[in-house]
Participant: 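Pasting a structure here, questions to come.
Proteins come first, then strands; the chains are lettered A, B, ... in the order of their sequence lines, and each starts at number 1.
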Protein chains: 2
Amino acid sequence: MKDLHIPFYLRLRDKLAGDIERSVLQHHAKLPSERELSKAYDLNRVTVRQALMQLESEGLIYRLIRRGWYVSPPRLFYDPSKNISFMDNVRAQGHVPETIILSKSELVASVWTNRTMGIELGAPVHLLRRCRMIDGRAVLVEHIHVNAKLCPGLLELPLDCSLTALLREHYGIRISRTRVNMYPAPLNGDQAAELNVVAGAPGLFLTRTSYDQNDQVVEFDQEFWRHDIIEIALEVVNNAVDSE
Amino acid sequence: MKDLHIPFYLRLRDKLAGDIERSVLQHHAKLPSERELSKAYDLNRVTVRQALMQLESEGLIYRLIRRGWYVSPPRLFYDPSKNISFMDNVRAQGHVPETIILSKSELVASVWTNRTMGIELGAPVHLLRRCRMIDGRAVLVEHIHVNAKLCPGLLELPLDCSLTALLREHYGIRISRTRVNMYPAPLNGDQAAELNVVAGAPGLFLTRTSYDQNDQVVEFDQEFWRHDIIEIALEVVNNAVDSE
DNA sequence: GAGTGGTCTAGACCACTTC
DNA sequence: AAGTGGTCTAGACCACTCC
């Protein structure tokens, strides 16, 4: 005989999820404080937090650290099989994108850089860290490594737009193919701080490895997304034989 | 002045993550019980659980409900832009796949089915629920809706392999294109039970909408994956103009 | 029956935000 | 200064697994 009791934290979750779905709570609206919910539903604060964290992991609400819990807006669609820039994609879906430069620096290729980018040990590497916003809200942090030998002085150019465009226009570099990898993973302390979420909050980790005409890695990009921001959407056209 | 104190649950996380990385703990090895960890590190059990749940969300460990915590094996690569069947993909990566039929039934198109599949209200729909395993471990549950008018009697065929192959060989239906959508989301009670995880555990929700030659929806598939099982990996080849 | 994880309570202190 | 969320303790009971 299985346990059929529904725990309190899930009942509270259902109640709040219902309020959100029925738009009793609007996008970006603030929820009552944890202590208020605790009193209103006669539950311990720990239990209330369990319900809130459940809703957070479902992408229905988000939090601003030490400020409160808020209702999430709809997700941004992202098609990894297309080469649409973040800026264009956000605009196309009716929102306002923004890019902030967090830091830019010159590195020397480490063992790790050598392995992931094939750059010889000690060769120069540009590191650019940016934060991307949608409607004024930080949604992702990216660390961009660029093979500096191919594009000296890159960091002196305006970096708040498409890097691919800069590489093409100033250095004649064309990205011939890009490898995209991603999986759900929590945001660590640094990224979390930039995104104004608590360390360990759920996220989506995405890497992008871009090769030029000579099949050399030009750029290696690590993106740390808030998990509740995007929905991956792509279309596969079938040719000839297929299975499953 | 920001808070620079590292909370106890993150310190324990780091300790255990280190043990896993250095292979002090092997794949599928069982961790000490929560109470043992609690005693060994002089922390409250709630705090120990916070550390364990953090590691779980990172995909480093997984749990068997009420049995304990175990070290996760490496992820399975999955390329949504290709049409490789689950079975073939798992085998290609050196593991043993398996498919279990959970249920099969005949439905009548609801408003929701009408909206997602374009099937007229009241028309017949096949519903197939399957569970997929890797090396004997349940990794995903899928709900497959098929337009029954296009393939009467489908459910009488052997359903533990590729559906696409069945549709092609028995009904002459060819999938011309497939729309794939996905985002991180927790596993609800039912799916969680099939996957032997706790309700609300992190997961990846993936849908697949398949169209035939006449651009009709043949199949609508909802897949609920354990989050720690897969890594999405795809390659984008650039043609002509691109940006970012 | 002993041990495990799942849930829950009733407190507490702290860093930070808001006013 | 008051209120918020972030962390933590020391218990408790339960359903379930393992033996």
Side-chain angles (χ1 to χ4, degrees), chain A residues 1-14 16 29-57 61-71 186-189 192-202, chain B residues 1-14 16 29-57 61-71 186-189 192-202:
Chain A
M1 180 68 173
K2 290 282 174 184
D3 184 7
L4 294 178
H5 173 73
I6 296 174
F8 293 142
Y9 80 92
L10 286 182
R11 294 187 207 184
L12 176 54
R13 185 226 85 99
D14 290 345
L16 294 173
K30 188 177 189 305
L31 272 64
S33 80
E34 296 178 0
R35 285 169 177 86
E36 279 176 57
L37 289 170
S38 169
K39 202 175 297 176
Y41 294 95
D42 195 25
L43 294 170
N44 187 277
R45 208 181 121 213
V46 174
T47 309
V48 168
R49 279 175 65 80
Q50 221 181 332
L52 293 172
M53 289 190 289
Q54 179 63 28
L55 287 163
E56 178 192 44
S57 74
I61 65 175
Y62 63 95
R63 47 180 150 178
L64 298 181
I65 21 175
R66 274 177 244 272
R67 275 192 273 178
W69 300 85
Y70 299 81
V71 178
L187 301 164
N188 77 22
E194 307 286 3
L195 296 176
N196 197 19
V197 302
V198 67
Chain B
M1 179 69 172
K2 290 281 172 183
D3 184 8
L4 295 177
H5 174 73
I6 296 174
F8 293 142
Y9 80 93
L10 285 182
R11 294 187 208 185
L12 176 54
R13 184 227 87 99
D14 291 345
L16 295 173
K30 188 176 188 308
L31 271 66
S33 79
E34 296 179 359
R35 286 169 176 85
E36 280 177 57
L37 289 170
S38 170
K39 203 175 297 178
Y41 294 97
D42 195 26
L43 294 170
N44 187 276
R45 208 181 121 213
V46 174
T47 309
V48 169
R49 280 174 66 79
Q50 221 181 333
L52 293 172
M53 291 190 287
Q54 179 63 28
L55 287 163
E56 178 192 45
S57 74
I61 66 176
Y62 64 94
R63 48 179 150 178
L64 297 181
I65 22 175
R66 273 177 245 272
R67 275 192 273 179
W69 299 86
Y70 300 81
V71 178
L187 301 163
N188 77 22
E194 307 286 5
L195 296 176
N196 195 19
V197 302
V198 67

Participant: How do Arg63(B) and Asn44(A) order along DNA chain C: which one's closest nucleotide is nearer the 5' end?
Facilitator: Arg63(B)

Participant: Check every atom of dA10(D), dG5(C), dC8(C) against the side chain of Phe8(A) and return the nucleotide holding the closest atom.
Facilitator: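 That would be dC8(C).
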
Participant: Indicate yes or no for a side-chain donor-acceptor contact from Arg13(B) to the backbone of Leu52(B) under 3.5 Å, with no hydrogens or angles considered.
Facilitator: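 Not confirmed, Arg13(B) side chain does not pair with Leu52(B) backbone.
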
Participant: Is the distance from OP1 or OP2 of dC18(D) to the nearest side-chain N or O of Arg66(B) less than 4.0 Å?
Facilitator: no

Participant: Among dT7(C), dG5(D), dC8(D), find the nucleotide with the atom closest to the side chain of Pro7(B).
Facilitator: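 Nearest to the side-chain atoms of Pro7(B), counting from C-beta on, is dC8(D).
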
Participant: Please state whether the phosphate of dG6(D), meaning OP1 or OP2, lies under 4.0 angstrom from any side-chain nitrogen or oxygen of Arg49(A).
Facilitator: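 For dG6(D), OP1 or OP2 has a side-chain N or O of Arg49(A) closer than 4.0 Å.
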
Participant: When you measure from the side chain of Glu34(B), which nucleotide among dC8(C), dG5(D), dG5(C) comes out closest?
Facilitator: dG5(C)

Participant: Identify, between Leu64(B) and Ile65(A), the residue whose nearest nucleotide on DNA chain C lies closer to the 5' end.
Facilitator: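 Closest to the 5' end, via its nearest nucleotide, is Leu64(B).
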
Participant: Give a yes/no on whether any side-chain N or O of Tyr9(A) is located under 4.0 angstrom from OP1 or OP2 of dC8(C).
Facilitator: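 No, Tyr9(A) has no side-chain N/O under 4.0 Å of OP1/OP2 on dC8(C).
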
Participant: Would you indicate which nucleotide in dG5(D), dG5(C), dG6(D) comes nearest to any side-chain atom of Lys30(B)?
Facilitator: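 Output: dG5(C).
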
Participant: Backbone N or O of Leu43(A) within a donor-acceptor pair of the Ser38(A) side chain at under 3.5 Å?
Facilitator: yes

Participant: Among dG11(D), dA12(C), dA10(C), find the nucleotide with the atom closest to the side chain of Arg45(A).
Facilitator: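 So the side chain of Arg45(A) is nearest to dA12(C).
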
Participant: For dC18(D), take OP1 and OP2 only and decide whether either is under 4.0 Å from a side-chain N or O of Arg67(B).
Facilitator: yes

Participant: Rounded to the nearest angstrom, tell me the gap between atom CZ in Arg11(A) and atom C1' in dT7(C).
Facilitator: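 Spelled out: CZ on Arg11(A) to C1' on dT7(C) is 12 Å.
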
Participant: Can you see if the side chain of Thr47(B) gets near the phosphate of dT7(D) - specifically, an N or O under 4.0 Å from OP1 or OP2?
Facilitator: no

